[in-house]
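Below is one structure, written out as structure tokens, with a few remarks after it.
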Amino acid sequence: MNDAKTNRRPAGIGTGYLSLMMIFVTLCLTALAALSFSAAENERKFSARSADYTAEYYAADLEAKRTLAEIDSVVSGYSDYMDFMLLAELDGISGAEYEALPDSLTVSWKTPINDRQSISCTVKFSDGNFEVLNWRTVSSGETEDAPLGIWLGE
């Protein structure tokens, strides 16, 4: 009877449990590594899109400033903002719309950034100087005034 007690294994954790724990830890670390690589790839794509948009914006901003310089060079040659020749020259500037008053001239234009956005500019000329009234990014997508599907209780 003493031989049976001495041949018994001591109670405790077996090697099967440690192997299962090691497999579980390995799977968890693999899943976390995959999520980490996925997040890094998404960040890289976002950074590339952001850099592309920034380049598009500053190119459009430069073009808008060139249009402003062109309009300013045209307007600076005239003292009368209602002059027919001035208005004819402004008609030659692509996309420029104007409102001429005896003492001031307001010119507006849009410069596209991409297919969804553009820079909207409005400048007021008076007394040989100009004042920028509006220089902002606007959505250039066409929106339809579609009614919302709201139940009115009928």
Side-chain angles (χ1 to χ4, degrees), residues 9-78 81 85-101 103-154:
R9 285 188 163 186
I13 300 175
T15 56
Y17 179 75
L18 291 176
S19 296
L20 287 176
M21 285 301 292
M22 186 61 82
I23 291 171
F24 178 72
V25 168
T26 304
L27 288 175
C28 288
L29 289 175
T30 303
L32 289 174
L35 289 173
S36 167
F37 283 128
S38 174
E41 178 65 17
N42 288 338
E43 283 291 322
R44 186 193 63 78
K45 288 179 184 177
F46 178 75
S47 296
R49 282 194 314 262
S50 179
D52 291 343
Y53 176 77
T54 302
E56 289 173 345
Y57 175 81
Y58 282 111
D61 187 59
L62 178 64
E63 187 61 33
K65 287 178 181 176
R66 285 181 178 158
T67 303
L68 174 59
E70 181 181 0
I71 292 169
D72 187 37
S73 68
V74 168
V75 172
S76 66
Y78 296 92
Y81 296 121
M85 292 302 292
L86 169 64
L87 301 179
E89 284 189 56
L90 287 176
D91 284 335
I93 296 175
S94 175
E97 299 175 1
Y98 58 86
E99 180 183 352
L101 299 173
D103 60 338
S104 67
L105 173 71
T106 304
V107 183
S108 300
W109 71 95
K110 285 187 178 181
T111 305
I113 296 173
N114 52 33
D115 58 343
R116 295 175 289 127
Q117 292 181 320
S118 58
I119 297 176
S120 174
C121 307
T122 305
V123 178
K124 181 178 180 180
F125 293 89
S126 62
D127 299 329
N129 297 320
F130 69 86
E131 175 186 1
V132 176
L133 301 176
N134 181 18
W135 196 284
R136 64 188 175 117
T137 304
V138 295
S139 175
S140 60
E142 296 180 19
T143 59
E144 295 180 14
D145 291 336
L148 296 175
I150 299 174
W151 182 63
L152 299 175
E154 296 175 0

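If you're wondering where the values come from, they're calculated on a predicted model, not measured in any experiment.
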Counting only N and O atoms by type, is there a donor-acceptor contact under 3.5 Å from the side chain of Thr26 to the main-chain atoms of Met22?
-> yes
Backbone of Asp72 reached by a side-chain donor or acceptor of Ser76 within 3.5 Å | yes
For the student: nearest non-hydrogen atoms of [X] and [Y], plus distance:
X	Y	value
Ser104	Ser126	CB-CB, 4.0 Å
Ala96	Leu90	CB-O, 4.2 Å
Ala64	Trp109	O-CZ2, 3.5 Å

Atom CD of Glu56: over 12 foreign heavy atoms under 6.0 Å = yes
Audit row: Tyr81, Leu101, side-chain contact (heavy atoms from CB on, under 4.5 Å) steps and yes/no | CA-CA 7 Å; Tyr81 296 121; Leu101 299 173; over 6 Å; no
Go through the steps for Glu41 and Lys45 under the test side-chain contact (heavy atoms from CB on, under 4.5 Å), then give the verdict.
-> CA-CA 6 Å; Glu41 178 65 17; Lys45 288 179 184 177; 3.3 Å; yes
Can you tell me how far apart [atom1] ([X]) and [atom2] ([Y]) are? Round to the nearest 0.5 Å.
X	Y	atom1	atom2	answer
Cys121	Lys110	SG	NZ	10.5 Å
Glu70	Thr67	CD	OG1	6.5 Å
Thr111	Lys65	OG1	NZ	11.5 Å
Thr30	Leu35	OG1	CG	11.0 Å
Glu63	Ser118	CD	OG	13.0 Å
Leu86	Leu105	CG	CG	6.0 Å

Summary of salt bridge (charged side-chain N to carboxylate O under 4.0 Å, His left out) pairs that have at least one residue in residues 119-139, sequence neighbours excluded | none
Paired with Tyr98, the side chain to side chain contact (heavy atoms under 4.5 Å, CB included) test is passed by just one of Ile71, Leu87, Val123, Ile93, namely Leu87
Show your reasoning for whether side-chain contact (heavy atoms from CB on, under 4.5 Å) applies to Asn42 and Ser38.
-> CA-CA 6 Å; Asn42 288 338; Ser38 174; 4.1 Å; yes
Set of side-chain hydrogen bond (donor to acceptor under 3.5 Å, both in side chains) partners for Tyr58, sequence neighbours left out = none
Mind checking side-chain hydrogen bond (donor to acceptor under 3.5 Å, both in side chains) for Thr137 and listing every partner two or more places apart, or none if nothing turns up?
-> none
Geometric class of the Phe130/Phe125 ring pair [parallel <30°, tilted 30-60°, perpendicular >60°] | tilted
